[in-house]
Amino acid sequence: MSQNPLRLLLDFDDRIQRDRDQPSAFLHRRDRRFALDCEQQGITPDASHWLAHMDRLSGPGGTVTAGSRELRLWYRVNGGFVAAGCLIGILTMLGLLFYDGGQRINITVILAFVLFQLLLALATTVQALVGWQPWRWLLKRLHRDHASPTRARLQPLLMARAAHAGGVAFGLAGLATLLVMVVVQDLAFGWSTTLDTAASGYHSLVNTLATPWSWLWPAAVPSLELVEATRFFRAASGTPGIDPSRWGQWWPFVVMLWLTWTVIPRVLLLILSQGLLRHRAARLLARHPGMQALLYRMETATLDTGSSHNDAADLPDTRTRSRPDLLPDTPIMICWAGAGEPELPQRLQAPDTRIFRAGGRATLAQDDEVLAQVGDQLAGQKAPAVIVVTRSWEPPTGELHDFLEAALERWPSGARVTLLPLASDPNRPPETHLVQPWLRFTERLAPGFASVALPPTGEPDPYLAGSVQP
């Protein structure tokens, strides 16, 4: 198995994509078995060993990996860019060196074109680093636009590498064309600009650009005399008094200018893009979601229960240990969060019933006052009990839990609370599935403190009447 980070990542990502349709129990047993085999052989399991193990399990015929196929595609893309770069480089240099015998080859135009190439190379690197893909249209044509998220994050750097490879080919082809033209043709260089520029200023510019090679090839650094002698004006019919051989003395400078500021930056950026690609591939492999899952499966023992039943689709058990209790005989009743509005059923009210309201729109101070008043009512009773009326269709809330926890602390010892969930029709008992949450709610309170009762459904006593307390 190749140790190339890019190929390793592509193979690993492809294998993870293929494993998505496999049962999780199978994947766990397979990868745990692989980890145990590595432990017996004294091998530290990693992505490379795991992929080799997967290839052995796949049997013969699997020598061409997904990484190889992906890289072959990008090799073709790179080849296309290189071929295009060679062709464009030759044509561009022929255009820059076009000389009809009447006008000189303008050095200023060549300087501007070299600067443009340098900026284009830097822009290609920056767009790759920020993830911008101006070549997306090409990926769509190659049907690579629907790659996995991991592959999609590699595409900017892959495209930048292809662009730099094409740029290197462009520069080398242009350089070769320049040398051929120097040999086969008498080129006449000069410099010209519409700006009011002195020869000394132009000499300073070219002298600065020639700094990198001035120590290596001094003849490729134009002198001030050459700069002064080779300026030309387009409207002028000629430049009398100048030795024609001096027009060609610019070619060493042009060669080194092209080599230093067009070819070498492209080569360095190509090497940089290759290094960034390997670094990003290694980082993506380490942070791949499939890698985290694989490490978990290799490190965690499997538990075989012998049961093939998968309970993922089963509903949770909604049964409770509690059962509805009897409604206590107590005159104290709290209507929680608007329950019993606009009026409680007559069968729940007696002449001595005292009804309090808490929760819902009531403030915490009002709830605290209700706790205090009920506590005073319960003081001195042998079997203190309170009925809390709720709405059965509304689930128990944390506010009610806090209210009852406070009641447990403030009310006399032995006080009991009975929750009475009412149905939307108070003359009918609530549905069984609506009572279950309230039974489970009382199980989370202190043992023996709270219970649930169902409302009575007998005929009401027409002579009973209660009083509502604020």
Side-chain angles (χ1 to χ4, degrees), residues 4-6 71 73-97 105-139 142 154-182 205-206 208-217 220-221 250-281:
N4 184 303
L6 179 58
L71 291 179
L73 170 66
W74 283 104
Y75 289 153
R76 289 197 293 270
V77 173
N78 294 342
F81 271 77
V82 169
C86 289
L87 179 61
I88 296 175
I90 294 173
L91 297 177
T92 300
M93 186 55 69
L94 290 176
L96 290 174
L97 300 180
I105 300 172
N106 196 346
I107 295 294
T108 306
V109 175
I110 298 178
L111 291 179
F113 189 82
V114 169
L115 176 61
F116 171 72
Q117 284 296 313
L118 184 60
L119 294 178
L120 188 62
L122 294 176
T124 301
T125 301
V126 172
Q127 63 87 21
L129 292 177
V130 301
W132 183 43
Q133 299 185 59
W135 303 98
R136 189 182 295 276
W137 60 271
L138 180 59
L139 296 178
L142 297 174
L154 287 174
Q155 287 177 352
L157 282 176
L158 288 168
M159 290 304 299
R161 186 181 65 174
H164 286 313
V168 171
F170 170 85
L172 292 177
L175 181 62
T177 305
L178 171 62
L179 294 176
V180 170
M181 293 296 290
V182 168
L205 173 63
V206 297
T208 301
L209 294 175
T211 301
W213 67 83
S214 60
W215 59 274
L216 179 64
W217 192 1
V221 182
W250 279 94
W251 77 265
F253 170 77
V254 176
V255 169
M256 293 306 297
L257 176 72
W258 189 268
L259 176 64
T260 304
W261 296 109
T262 300
V263 178
I264 293 179
R266 282 289 187 177
V267 173
L268 295 178
L269 291 176
L270 176 62
I271 297 174
L272 176 63
S273 64
Q274 180 67 19
L276 289 175
L277 190 59
R278 294 174 65 91
H279 174 71
R280 180 167 296 184

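Sequential numbering from 1 along the given sequence is applied to the chain's residues.
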Kindly indicate whether the side chain of F81, heavy atoms from C-beta on, has any atom under 4.5 Å from the side chain of R161.
no

Sub-4.5 Å side-chain heavy-atom contact between W250 and I105:
no

Can you tell me how far the [atom1] atom of [X] sits from the [atom2] atom of [Y], to the nearest 0.5 Å?
X: I90; Y: L178; atom1: CD1; atom2: CG; answer: 12.5 Å
X: L94; Y: M181; atom1: CG; atom2: CE; answer: 6.0 Å
X: L91; Y: T177; atom1: CG; atom2: OG1; answer: 8.5 Å
X: L276; Y: L269; atom1: CG; atom2: CG; answer: 10.0 Å
X: L209; Y: I107; atom1: CG; atom2: CD1; answer: 11.0 Å
X: L158; Y: N78; atom1: CG; atom2: CG; answer: 8.0 Å

Check: [X] side chain, [Y] main-chain N or O, donor-acceptor pair, under 3.5 Å:
X: W215; Y: P212; result: yes
X: T92; Y: G89; result: no
X: Q274; Y: I271; result: no

Show, in sequence, the C-alpha distance, side-chain angles and deciding distance for L111 and L205, and conclude whether the side chain to side chain contact (heavy atoms under 4.5 Å, CB included) test is met.
CA-CA 10 Å; L111 291 179; L205 173 63; 4.2 Å; yes

Least distance between heavy atoms, [X] atom then [Y] atom:
X: I264; Y: T260; answer: CB-O, 3.8 Å
X: R280; Y: L129; answer: NH2-O, 4.1 Å
X: P5; Y: R278; answer: CD-NH2, 3.5 Å
X: T124; Y: A163; answer: CG2-CB, 3.8 Å

Worked check of side chain to side chain contact (heavy atoms under 4.5 Å, CB included) between M256 and V221
CA-CA 9 Å; M256 293 306 297; V221 182; over 6 Å; no

Go through the steps for L96 and W258 under the test side chain to side chain contact (heavy atoms under 4.5 Å, CB included), then give the verdict.
CA-CA 12 Å; L96 290 174; W258 189 268; 4.1 Å; yes

Contacts table for residues 164-174: side-chain donor-acceptor under 3.5 angstrom, sequence neighbours left out:
{"unit_1": "H164", "atom_1": "ND1", "unit_2": "R266", "atom_2": "NH1", "d": "3.1"}
{"unit_1": "H164", "atom_1": "NE2", "unit_2": "T125", "atom_2": "OG1", "d": "3.0"}

Can you name the residues that form a ring-ring contact (aromatic ring centres under 6.0 Å, His included) with W213, not counting sequence neighbours?
F253

Side chain to side chain contact (heavy atoms under 4.5 Å, CB included) assessment of F113 paired with M93
CA-CA 10 Å; F113 189 82; M93 186 55 69; over 6 Å; no

